[in-house]
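Below is one structure, written out as C-alpha cells; comments come after it.
Both counts, for ligands and for their atoms, begin at 1 and track the order of listing.
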Amino acid sequence: MAKLSKENRIKVCELLSEEYPEAKCALDYDSEYHLLVAVMLSAQTTDVSVNKVTPRLFSLAPDAYAMCALSQEEIEEVIRQIGLYRNKAKNILAMSRVLCAEYDGKVPGNYEELVALPGVGRKTANVVLAEAFGQQRIAVDTHVFRLANRIGLTQEKDVLKTEEALMKALPKESWVIMHHALIFHGRNCCTARNPACSRCCIEEYCKKNGL
Ligand code: SF4
C-alpha cells in the first residue's frame with residue numbers, strides 16, 4: 001500500500017472540495033435530536049431510505065420526550081422499511097430515555113457523552129458533532145474507509161485506525177469537507193467494484209491501492 005506525500009494530500013483535498021462544492025449531510029433533519037435519530041437509523045442502509053421514514057417518525061416524535069411516549073412496537077411500525085429496524089427502534093427508545101433522564105431531553109455536545117448513549121458509536125457521534133455542533137470531525141463510513149486507503153491518504157486496515165490516521169494526514173479545517181467529499185466521490189466515481197479512474201479528478205495523484 002503506497003501513501004501520498006503531504007503536498008499531494010493537500011492537492012487531493014483541494015481537488016475533491018472543488019469537485020463537490022455541494023457535498024453535505026444527505027439526511028433530512030430539523031433539530032439536533034432528529035439528526036441523532038436519523039444517523040442512528042442510517043447504519044447499514046442508505047440516507048435515501050432513512051429520509052423516507054423520518055418525516056412520519058419526526059411528526060410522531062418531535063422531541064425525545066415524545067419518542068419516550070411511543071412503544072418500541074410503534075417505532076418499529078414506522079421504520080420497518082429499513083434494515084435492522086427492530087434493533088434500531090430499541091436503541092432509539094433507550095437513547096431517548098437517557099436523554100430525558102439525564103440531559104433534559106437535549107443531545108449532549110461532547111464525544112464521551114454521545115458514545116455513552118445506547119446505540120451511539122464513533123461514527124454516529126462524529127457526524128452529530130460535525131453537523132449539529134460545528135466541530136471538525138471525520139466520521140469513517142464504508143466509502144471514507146475505502147477511498148482513504150485506496151487513494152493513499154492513509155495506509156490502514158480498520159476503521160478506527162483510518163479515522164486516527166486521516167486526522168493526522170489532513171489539515172483540521174478540511175475534516176468535515178473531506179468527510180463529505182470522500183462519500184460523494186465514493187458514490188459518484190470511485191465505487192467499490194467499478195472505480196471510474198478515467199474520469200476521476202484526482203487520477204494524477206491517486207495511488208490506486210488494491211486495484
Ligand atoms: S483514480 Fe480511480 S481509484 Fe483513484 S480515486 Fe479516482 S476512481 Fe478511485
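Note on Cys197: counted as a metal contact of atom 2 (Fe) of ligand 1, an N/O/S atom lying under 2.8 Å. Using a cut-off of 2.8 Å, one finds that Cys190 contributes an N/O/S atom close to atom 8 (Fe) of ligand 1.
Nearest to atom 4 (Fe) of ligand 1 by heavy atom, out of Gly210, Ala196, Cys206, is Cys206.
Tyr20 and His180 form no side-chain donor-acceptor contact under 3.5 Å, judged by distance and modelled atom types alone. In the model, Thr54 has no side-chain atom that pairs as donor or acceptor with a side-chain atom of Asp28 under 3.5 Å.
Counting heavy atoms under 4.0 Å from ligand 1, residue Leu211 touches it through the side chain alone.
Contact check on Glu14 versus Lys11 returns a salt bridge, with a Lys/Arg side-chain nitrogen under 4.0 Å from an Asp/Glu carboxylate oxygen. Using a cutoff of 4.0 Å between basic side-chain nitrogens and carboxylate oxygens, Arg122 and Glu163 are scored as salt-bridged. Under a 4.0 Å N-O distance rule, the pair Lys106/Asp63 does not qualify as a salt bridge.
For ligand 1 and Arg150, the ligand atoms under 4.0 Å from any heavy atom of the residue are 3 (S).
For atom 6 (Fe) of ligand 1, the closest non-hydrogen atom on the protein side is Cys200 SG, 2.3 Å.
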